[in-house]
Undergrad: 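This is the structure I have questions about; it appears just below.
As the structure lists them, so they are numbered: ligands from 1, and atoms in each ligand from 1.
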Amino acid sequence: MRIIVQKFGGTSVANPESREKAVAKIIKAKNEGFSVVVVVSAMGRNGDPYATDTLINLAKSIGAPLDFRDLDLLLSCGEIIAAVVMAQALEKAGYPAIALSGGQAGIVTDQNFGEAKIIGINPENVLKRLGEGKIVVVAGFQGVTAGGEITTLGRGGSDTTATALGSALKAELVEIYTDVEGVMAVDPRIIPEAKILRELTYQEICEMANHGAKVVHPRAVAIARDQKVPLKVRSTFTEDIGTLIGDGKPTRVITGIAHQVKIGRVLVKAKNGQLTPEDSVKIFKVLAEAGISVDMNSISPGQVGFVVKQEVLDKVGELLASDDFLVELLPGCAKISLIGIGMQDVLGVMARVVETLHQHDIKLLHTVDSEITISCLVLEEQMEKAIKVLYNEFGL
Ligand code: ASP
Ligand code: MG
């Protein structure tokens, strides 16, 4: 059996016109001889009756404390409704289809309601229905615990359903259908002429997703990378071939630029000038115990620097307030990350980044790098300019 998994996001299943486009993609794959598994997100966006945000607001409007277990039960309905509607649309087009909830599709998760992790998939039911010649439409974003409780996988989790199912079913291809034509080298809202990347490596897409590129969920691409699931990102609404993700070779130094906003920078020094290793341990322990995640960490003899989400910046200030420390808090920062597996073998990339930003009077607040990523922290008001000049410098 040649299996393909096709995932359609909220805008692709929102209304009869968009569903018609999605149905055409599904039928095309079916007619090419694939056994097709469709994964759907909830229909539409905030304000649409069955969209995830609408359901969250409904639960909130009651005014009682939100119980995550009950909330998951409610949110799972959004995708279940979308699955049944898509199965009906396929039936209407003359193609036998069946809708399954995540649990019915064999997706088992841990009990972390609201952010559950898939711990196993039993593909038996899906394979049986495919064997009967049906198109199987699975509700994304959800699973079931070993004890039978319904869970959701965290916002954007339908992508994860798709790559996890693709892996469990040994699919030939997983296609993520969305409202853009592929993964862009840079956010087109900043660079309108940004190009679609035709080929990307797993490593690059993982870095891009982790550093703020929004097209595919980080967890979904991590599964694709670890299980070597061939992945495509493409549009429901055009014939464009989209972006293919696999084990490619580097063809350029920098592949793309991702960015994240609403970041706060923290610098900690000792009042007596002597920040000890014990102090560093204490700083990071206090934050970990408070459940605050830190990024861009750097420890040097005189100081500790890192960034956090801006919304927790004041809390960090309170937690670290002591007679021994000088704590500097800077809100309004943005992190720009240049990503490319090609940079591993090239000297002077950092020099070009620093020189380009300096030439354009962009203040570099902090940098960190890994083998395929250089991240720069700048002020939010300088972010767009920084992205533009780096985009030009590296000829993206
Ligand atoms: N409907 C869920 C959300 O809005 C899951 C998804 O769309 O992937 O987060
Ligand atoms: Mg999404």
Side-chain angles (χ1 to χ4, degrees), residues 5-15 18-19 22 37-60 66 68 71-86 99-103 105 107 109 112-118 137-144 150-166 174-184 187-188 205-206 208-224 231-237 242-243 245 258 260:
V5 176
Q6 298 182 312
K7 182 256 167 180
F8 294 91
T11 49
S12 303
V13 295
N15 53 53
S18 55
R19 288 195 289 275
V37 176
V38 175
V39 174
V40 287
S41 289
M43 285 155 53
R45 296 229 164 101
N46 196 5
D48 292 326
Y50 316 113
T52 306
D53 284 302
T54 310
L55 298 175
I56 291 174
N57 289 335
L58 171 65
K60 277 188 185 161
L66 273 183
F68 285 118
L71 183 63
D72 272 7
L73 197 53
L74 175 67
L75 296 190
S76 68
C77 298
E79 269 69 10
I80 292 177
I81 291 169
V84 174
V85 169
M86 273 305 278
L100 299 178
S101 70
I107 299 172
T109 73
N112 189 11
F113 293 106
E115 202 56 63
K117 270 215 178 83
I118 297 176
V137 188
V138 179
F141 173 59
Q142 58 181 270
V144 66
I150 290 179
T151 52
T152 67
L153 309 180
R155 298 309 304 269
S158 296
D159 292 346
T160 309
T161 304
T163 56
L165 269 177
V174 173
E175 291 183 320
I176 305 283
Y177 281 97
T178 175
D179 49 9
V180 293
E181 289 190 321
V183 182
M184 304 274 184
D187 187 337
I205 185 90
C206 285
M208 292 199 55
N210 282 325
H211 288 92
K214 295 256 155 47
V215 244
V216 197
H217 195 280
R219 240 191 228 175
V221 286
I223 292 173
L231 192 64
K232 235 181 211 180
V233 178
R234 52 192 307 197
S235 167
T236 307
F237 306 102
T243 303
I245 296 146
Q260 285 160 303

Undergrad: Determine, using heavy atoms of G140 and all atoms of ligand 1, whether some pair is separated by less than 4.0 Å.
TA: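 Flag not set, G140 not near ligand 1.
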
Undergrad: Taking only residues two or more places apart in sequence, or in another chain, which ones meet T160 in a side chain to side chain donor-acceptor pair (under 3.5 Å)?
TA: none

Undergrad: Got a salt bridge between D179 and R45, using NZ or NE/NH1/NH2 to carboxylate O under 4.0 Å?
TA: yes

Undergrad: Where is the nearest protein heavy atom to atom 4 (O) of ligand 1: which residue, which atom, and how far?
TA: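 That would be R155 NH2, 2.9 Å.
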
Undergrad: So for H217, does at least one of its heavy atoms come nearer than 4.0 angstrom to any atom of ligand 1?
TA: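 The answer is no: ligand 1 sits nowhere under 4.0 Å from a heavy atom of H217.
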
Undergrad: Looking at atom 7 (O) of ligand 1, what's its closest protein heavy atom, distance included?
TA: S41 OG, 3.1 Å

Undergrad: Closer than 4.0 angstrom, basic N to acidic O: yes or no for E175 and R234?
TA: yes

Undergrad: Contact between ligand 1 and G156 is defined here as a heavy atom of the residue under 4.0 Å from a ligand atom; is it met?
TA: yes

Undergrad: Relative to the heavy atoms of S158, which atoms of ligand 1 are at a distance of less than 4.0 Å?
TA: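 Once the distances to S158 are compared, the set is 5 (C), 6 (C), 8 (O).
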
Undergrad: Which pairs with one or both residues in residues 71-81 pass side chain to side chain donor-acceptor pair (under 3.5 Å), sequence neighbours excluded?
TA: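 Listed by first then second residue: D72-T152.
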
Undergrad: Mind listing the closest non-hydrogen atom pair of P218 and N210 along with its distance?
TA: CB-OD1, 3.3 Å

Undergrad: What I want to find out is whether K60 reaches D53 closely enough, with some N-O distance under 4.0 Å, to be called a salt bridge.
TA: no

Undergrad: Ligand 1 and K7, any nitrogen or oxygen pair closer than 3.5 angstrom?
TA: no

